[in-house]
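Down below is the structure, laid out as structure tokens.
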Amino acid sequence: MNLNIVCIPGDGIGPEIIAEAKRVLNKTAEKFGHNITYKDVLMGGVSIDTYGEPLTDEVIEIAKAADAVLLGSIGGNTATSPWYKLAPELRPEAGLLKLRKSLNLFANLRPAYLYEELLEACPIKKEIIGNGFDMVIVRELTGGLYFGERRTQEVKGEVTAVDTLSYSEKEIRRIAVKAFEIAMKRSKKVTSVDKVNVLDSSRLWRKIVEEVAEVYPGVTLEHMIVDNCAMQLVKNPNQFDVILTENMFGDILSDEASAITGSIGMLSSASLNDTKFGLYEPSGGAAPDIAGKGVANPIATILSAAMMLRYSFNLEEEAGRIETAVKQVLAEGYRTVDIMPQEKNRNQSVKQVGTEDMGKLIAERI
Ligand code: IPM
Ligand code: MG
């Protein structure tokens, strides 16, 4: 099979983690007789430095023409980087949002599960964690506060900023359908998260989700208010299967979910539209503090590449091979620094490795 992949290494640790994902993809392609063509393009801070804007129209067109996009990370230190002195629409994150919108990537899937090997890295007590957890957060990605009207203006002599949280029926319905479809292939439970006790957008959200649920009688639907969900994620994460939620809530809850998997460096993601096309990226940021040091965890990016093989290319066996290789390397005791157990819990078999070695170890086991 021919795979046309656009790569956006981006900023910070992006280039380092993308290099390892490519290494693993190349090994997989070699083993299974596929042919991958990569095209590397710029987005985020590096694009600002080169073209004066975080995402050029040319890059959007290149991405549209590909089968899938593999993204590292974008952005820098918001307190110190000159990128954050620019107008908001010229900052690195604006490039990512524009790309999501231009490609209509409304469905963001973030699977969060606990590898038994990483039990020691999970900050939650063992008696709460029990047999671990395995959930997928289905986050709406092209609506809500991220894309509503916003402005900063003077009102009665005082500077006032406004952001708008808006959702249409259609936007809610299509993401709900995705969540229920995914639930059908899993444990058949959807937890829809909203703030129905305060927000109109949440009241509409709940109504439409209930309508969609009628089409899936085999799936149990439960509603949960977002603050309670934040609490439940650390009190009893095992209760969740599919979490369906709007853009901003999903952004926050997915970081929380990643922390209980051991590290944000473990959380992969797929952003999908209604076609086979997808954008695949780790859920974590550019981590400018550790960029260039060779210590970043490439696993989330490698697992995102596996999701790409599964969702954009239907290569289930190949995707599974990558996931098994990750598990194997963890079982053998290899850890990047973010998933190292605390010293008192470390046994002999645990070995700390850098970004490149982690990538090589996984590639070798494909
Ligand atoms: C994420 C990130 C982005 C988001 C940022 C970089 C704009 O936090 O993918 O979760 O908020 O969506
Ligand atoms: Mg986020």
Heavy-atom side-chain proximity of [X] to [Y] below 4.5 angstrom:
X      : Y      : value
Leu315 : Phe32  : no
Leu99  : Leu279 : yes
Tyr280 : Ser312 : yes

**Request:** Report the C-alpha distance between Met224 and Met231 in whole Å, list the side-chain angles of each, state the deciding distance to 0.1 Å, and finish with yes or no for side-chain contact (heavy atoms from CB on, under 4.5 Å).
**Result:** CA-CA 11 Å; Met224 196 177 276; Met231 184 170 75; over 6 Å; no
Would [X] and [Y] count as having a side-chain donor-acceptor pair, cut-off 3.5 Å?
X      : Y      : result
Trp83  : Asp49  : yes
Glu93  : Tyr84  : yes
Glu181 : Tyr216 : yes
Tyr167 : Asp200 : no

**Request:** Please say whether the positively charged group of Lys276, taken as NZ for Lys or CZ for Arg, lies over the ring of Tyr311, i.e. under 6.0 angstrom from the six-membered ring centre and within 45 degrees of the axis.
**Result:** no
**Prompt:** Do Asp227 and Lys195 sit within salt-bridge range, that is, some charged N less than 4.0 Å from a carboxylate O?
**Reply:**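 Yes, this pair counts.
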**Request:** For the pair Glu20 and Arg23, find out whether any cationic side-chain nitrogen is under 4.0 Å from an anionic carboxylate oxygen.
**Result:** yes
Interatomic spacing from [atom1] in [X] to [atom2] in [Y] - rounded to 0.5 Å:
X      : Y      : atom1 : atom2 : answer
Glu318 : Lys27  : CD    : NZ    : 14.5 Å
Glu281 : Thr301 : CD    : OG1   : 9.5 Å
Leu253 : Ile137 : CG    : CD1   : 6.0 Å
Thr142 : Phe106 : OG1   : CZ    : 7.5 Å

[X]: salt bridge (Lys or Arg N to Asp or Glu O under 4.0 Å) partners, not counting sequence neighbours:
X      : answer
Arg174 : none
Glu149 : Arg151
Asp251 : Arg139

**Message:** Using only atom types and a distance under 3.5 Å, with no angle test, would you say the side chain of Gln239 pairs donor to acceptor with the backbone of Asn236?
**Reply:** yes
**Prompt:** Who pairs with Val155 by side-chain contact (heavy atoms from CB on, under 4.5 Å), at least two apart in sequence or on another chain?
**Reply:** Gln153, Thr160
**Message:** With salt bridge (Lys or Arg N to Asp or Glu O under 4.0 Å) as the criterion, how do Arg186 and Asp134 come out once you've worked through the C-alpha distance, each side chain's angles and the decisive distance to 0.1 Å?
**Reply:** CA-CA 10 Å; Arg186 297 175 47 99; Asp134 180 355; 3.3 Å; yes
**Message:** Restricting to ring-ring contact (aromatic ring centres under 6.0 Å, His included), what partner residues turn up for Tyr113, sequence neighbours left out?
**Reply:**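 Partners of Tyr113 by the ring-ring contact (aromatic ring centres under 6.0 Å, His included) criterion, ordered by chain and then number, come out as Tyr115.
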**Item:** Audit row: Lys98, Glu89, salt bridge (Lys or Arg N to Asp or Glu O under 4.0 Å) steps and yes/no
**Value:** CA-CA 9 Å; Lys98 189 171 165 194; Glu89 66 279 9; over 6 Å; no
Show me the donor-acceptor pairs, under 3.5 Å and distance only, between side chains in residues 284-296 and residues at least two apart or in other chains.
unit_1	atom_1	unit_2	atom_2	d
Lys293	NZ	Asp289	O	2.9

**side chain to side chain contact (heavy atoms under 4.5 Å, CB included) partner of Tyr38, chosen from Leu3, Asn4, Asn26, Val6** = Asn26
